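These numbers were taken from a predicted model, which means no experiment stands behind them.
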Amino acid sequence: MGSDLPPNKHQEKSLRTRAQLLDAAIDSLAEVGYGGASIADITARAGVTRGAQLHHFHTRQELFAQTIGHLTERQRQALHRRLRTVPADTTAGAVLVELVLATFAGKLGRACVELYVGIANDRELRREMLRVQHDLTVELLDRCAELIGPDIPRARLDSAFWLTINLVRGATLDEMVGRDRARRKQVLADWTELAELALRRS
């Protein structure tokens, strides 16, 4: 017996369910970590049935394999949202820090760190994670360069960019282990000032 829904409506519902499961996987990674992000937890967060989950993802590994691209796309969307709100007079250092934070901090940043660690020993998934995250990082660097302008030597921008990436990821780990939030905020503020000096037009 076929579905009572027209084919397009059925497809829309299927895509919506799949997105709910992948969003729930991100939430689970960010809140309980890779080890705690079980199929049962993700299915419950998504609010779908076990049967619906099995229709889309038969195994936990299959689900996380698809979460890699979904998470990266959510990070890209977060970057684009922040790009639309950056004031024209934002300083170079602030542009760099704000765009990196939008992409690699918060819930998405925590989920990304958990996924990196969780799949570290899976060669195929690690390769895919590195590929899509590399593409995202290149796009992020290009957007930073566009906003900051051509007067800053690219080598100097690249250096400040990667220092910012590593600092934000370190701050994300600091957050995940429950360290002092005020200190993280101050460190980011201090680095914004230092980045401004590093990117000062000569």
Any side-chain heavy atom of [X] within less than 4.5 Å of one from [Y]?
X: Phe104; Y: Thr172; value: no
X: Leu79; Y: Leu83; value: yes
X: Cys112; Y: Leu108; value: no
X: Thr137; Y: Phe161; value: yes
X: Arg110; Y: Val113; value: no
X: Glu62; Y: His56; value: no
X: Glu196; Y: Trp191; value: no
X: Leu54; Y: Thr49; value: no

**Message:** Between Tyr34 and Phe64, is the ring centroid distance below 6.0 Å?
**Reply:** yes

Would you please say whether a donor-acceptor pair under 3.5 Å links the side chains of [X] and [Y]?
X: Gln75; Y: Thr103; result: no
X: Asn8; Y: Glu12; result: no
X: Arg50; Y: Gln53; result: yes

**Message:** Pair Leu96, Leu157 - check side chain to side chain contact (heavy atoms under 4.5 Å, CB included), show working.
**Reply:** CA-CA 9 Å; Leu96 196 59; Leu157 174 59; 4.3 Å; yes

**Evaluation steps, side chain to side chain contact (heavy atoms under 4.5 Å, CB included), between Thr67 and Leu29** = CA-CA 10 Å; Thr67 301; Leu29 284 166; 4.2 Å; yes

Are [X] and [Y] close enough for a salt bridge, meaning some N to O gap below 4.0 Å?
X: Asp174; Y: Arg183; result: yes
X: Arg45; Y: Glu31; result: yes
X: Glu124; Y: Arg127; result: no
X: Glu175; Y: Arg181; result: no

Is it the case that one hydrophobic cluster holds both [X] and [Y], taking links as side-chain heavy atoms less than 4.5 Å apart, direct or via other members?
X: Val117; Y: Ile26; answer: no
X: Leu147; Y: Leu136; answer: yes
X: Leu167; Y: Trp162; answer: yes

I need the minimum non-hydrogen distance between [X] and [Y], along with the two atoms involved.
X: Arg82; Y: Ala102; answer: CB-CB, 3.6 Å
X: Ser28; Y: Gly36; answer: OG-O, 4.3 Å
X: Leu21; Y: Thr43; answer: CD2-CA, 4.3 Å

**Request:** May I ask you to decide if Lys13's main-chain N or O and Thr17's side chain share a donor-acceptor pair within less than 3.5 Å?
**Result:** yes

**Asked** Quick check: does any side chain N or O of Thr90 sit under 3.5 Å from a backbone N or O of Pro87, one acting as donor and the other as acceptor?
**Response** yes

**Request:** Under the side-chain contact (heavy atoms from CB on, under 4.5 Å) rule, collect the residues that match up with Asp158, sequence neighbours excluded.
**Result:** Leu141, Arg154

**Request:** In sequence, state the C-alpha distance, the side-chain angles, and the governing distance for Arg184 and Asp180, and then conclude on salt bridge (charged side-chain N to carboxylate O under 4.0 Å, His left out).
**Result:** CA-CA 7 Å; Arg184 286 195 303 277; Asp180 184 54; over 6 Å; no

Rounded to the nearest 0.5 Å, what's the gap from [atom1] on [X] to [atom2] on [Y]? Could you check?
X: His80; Y: Leu140; atom1: NE2; atom2: CG; value: 9.5 Å
X: Asp151; Y: Arg156; atom1: CG; atom2: CZ; value: 10.0 Å
X: Leu71; Y: Arg76; atom1: CG; atom2: CZ; value: 11.0 Å

**Message:** Working note: Val86 + Glu98, criterion side chain to side chain contact (heavy atoms under 4.5 Å, CB included); need CA distance, chi angles, decisive distance, verdict.
**Reply:** CA-CA 9 Å; Val86 175; Glu98 288 300 317; 5.6 Å; no

**Request:** Run through Lys107, Arg74, Arg16, Arg18 and flag the one making a salt bridge (Lys or Arg N to Asp or Glu O under 4.0 Å) with Asp23.
**Result:** Arg74

